[in-house]
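What follows is a set of notes on a single structure, which appears directly below.
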Amino acid sequence: MEFVSINKLTLLDYPEKVACVLYTPSCNFACPYCHNWETLIQERLAPLSFEDILSFLKKRLGVLDGVVISGGEPTLMDDLPEKIKKIKELGYLVKLDTNGSNPEMLKELIDKKLIDYVAMDIKHSPSKYYDVIKNKSISFDIIKESIEILMENKIDYEFRITLIKEYHDIDSIYEIGKLLEGSKKLFLQEYKLSDGVHDKSLNEVDEKTAEKYADILSQYIDLVELRGYE
Ligand code: SF4
């Protein structure tokens, strides 16, 4: 598997850093509200040459601070650790976006100091996780393991939830609070409909309700903030 797309400059995807984003194809979740749906089906398109990516990164040294590895689900790329190693050797910070379905690789990347920041999606409360991800072959224990790895605090991290009116309610928010109890940072992201979204019937949670959810979650998590509502 190779990267299929690149965003050459972003001020939004890596907290407080100037970065580029590399996208992997395919994902094992297929969330109905995924914005990267088009990217997920690009696996059959011509991949980007990793050598070209490294050349681009060499030229951007001093301009970019970091590289965000996103997708799709990046940990489906078998040689991701080797590729990240080459990016790190150039001197870049690396952030990983993940759905938490590969705790083994997540642990390896952290233990080998190949990543500097992780953003892990939390899709729903444990009892309703499969309302979103559909793929029942992925045990929730695996997701929980990834959460626990991040909560060991060996690396800077954030959890993030895209709030969907049709999925999330007060009960599920309390359940999520208990799941993430003692964690450092959670962002409640506003859902925004775009052309790439598969299920266009889903809706965002309004700001007032999102603030109420943030208040509840603040009882469990050190820092809870809304993202995208401004
Ligand atoms: S986990 Fe992320 S990339 Fe994968 S389908 Fe869901 S939203 Fe899309």
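The structure presented is a predicted model; accordingly, all values stated were derived computationally and were not measured. FYI, the numbering just counts along the sequence from 1. Just follow the structure's listing: the first ligand is 1, and inside any ligand the first atom is 1.
Atoms of ligand 1 found under 4.0 Å from any heavy atom of N99, numbered from 1 in the order shown, are 1 (S). Heavy-atom contacts of A30 reach the following atoms of ligand 1: 5 (S) (cutoff under 4.0 Å). Residue D121 has at least one heavy-atom neighbour below 4.0 Å for each of these atoms of ligand 1: 2 (Fe). Here is the list of ligand 1 atoms found below 4.0 Å of a heavy atom in G72: 3 (S). Near C31, the atoms of ligand 1 lying under 4.0 angstrom from a non-hydrogen atom of the residue are 1 (S), 5 (S), 6 (Fe), 7 (S).
Ion pairing between D206 and K165 fails under the 4.0 Å rule for side-chain N and carboxylate O. Salt bridge status for K83 with E2: present, with a side-chain N to carboxylate O gap under 4.0 Å.
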Could you give me the CA-CA distance, side-chain angles and deciding distance for E73 and S26, then say whether side-chain hydrogen bond (donor to acceptor under 3.5 Å, both in side chains) is met?
-> CA-CA 7 Å; E73 173 48 39; S26 101; over 6 Å; no
Check against side-chain hydrogen bond (donor to acceptor under 3.5 Å, both in side chains), S172 and D169 = CA-CA 5 Å; S172 59; D169 58 14; 2.9 Å; yes
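Residue pairs meeting the salt bridge (charged side-chain N to carboxylate O under 4.0 Å, His left out) criterion with at least one partner in residues 84-101, sequence neighbours excluded, are K85-E89, K88-D116, K95-D97, D97-R160.
Contact annotation for K123 and ligand 1: only side-chain heavy atoms (C-beta onward) come within less than 4.0 Å of the ligand.
Contact annotation: C27 places no N, O or S atom under 2.8 Å from atom 6 (Fe) of ligand 1.
With 3.5 Å as the limit, one finds a donor-acceptor pair spanning the side chains of N99 and N28.
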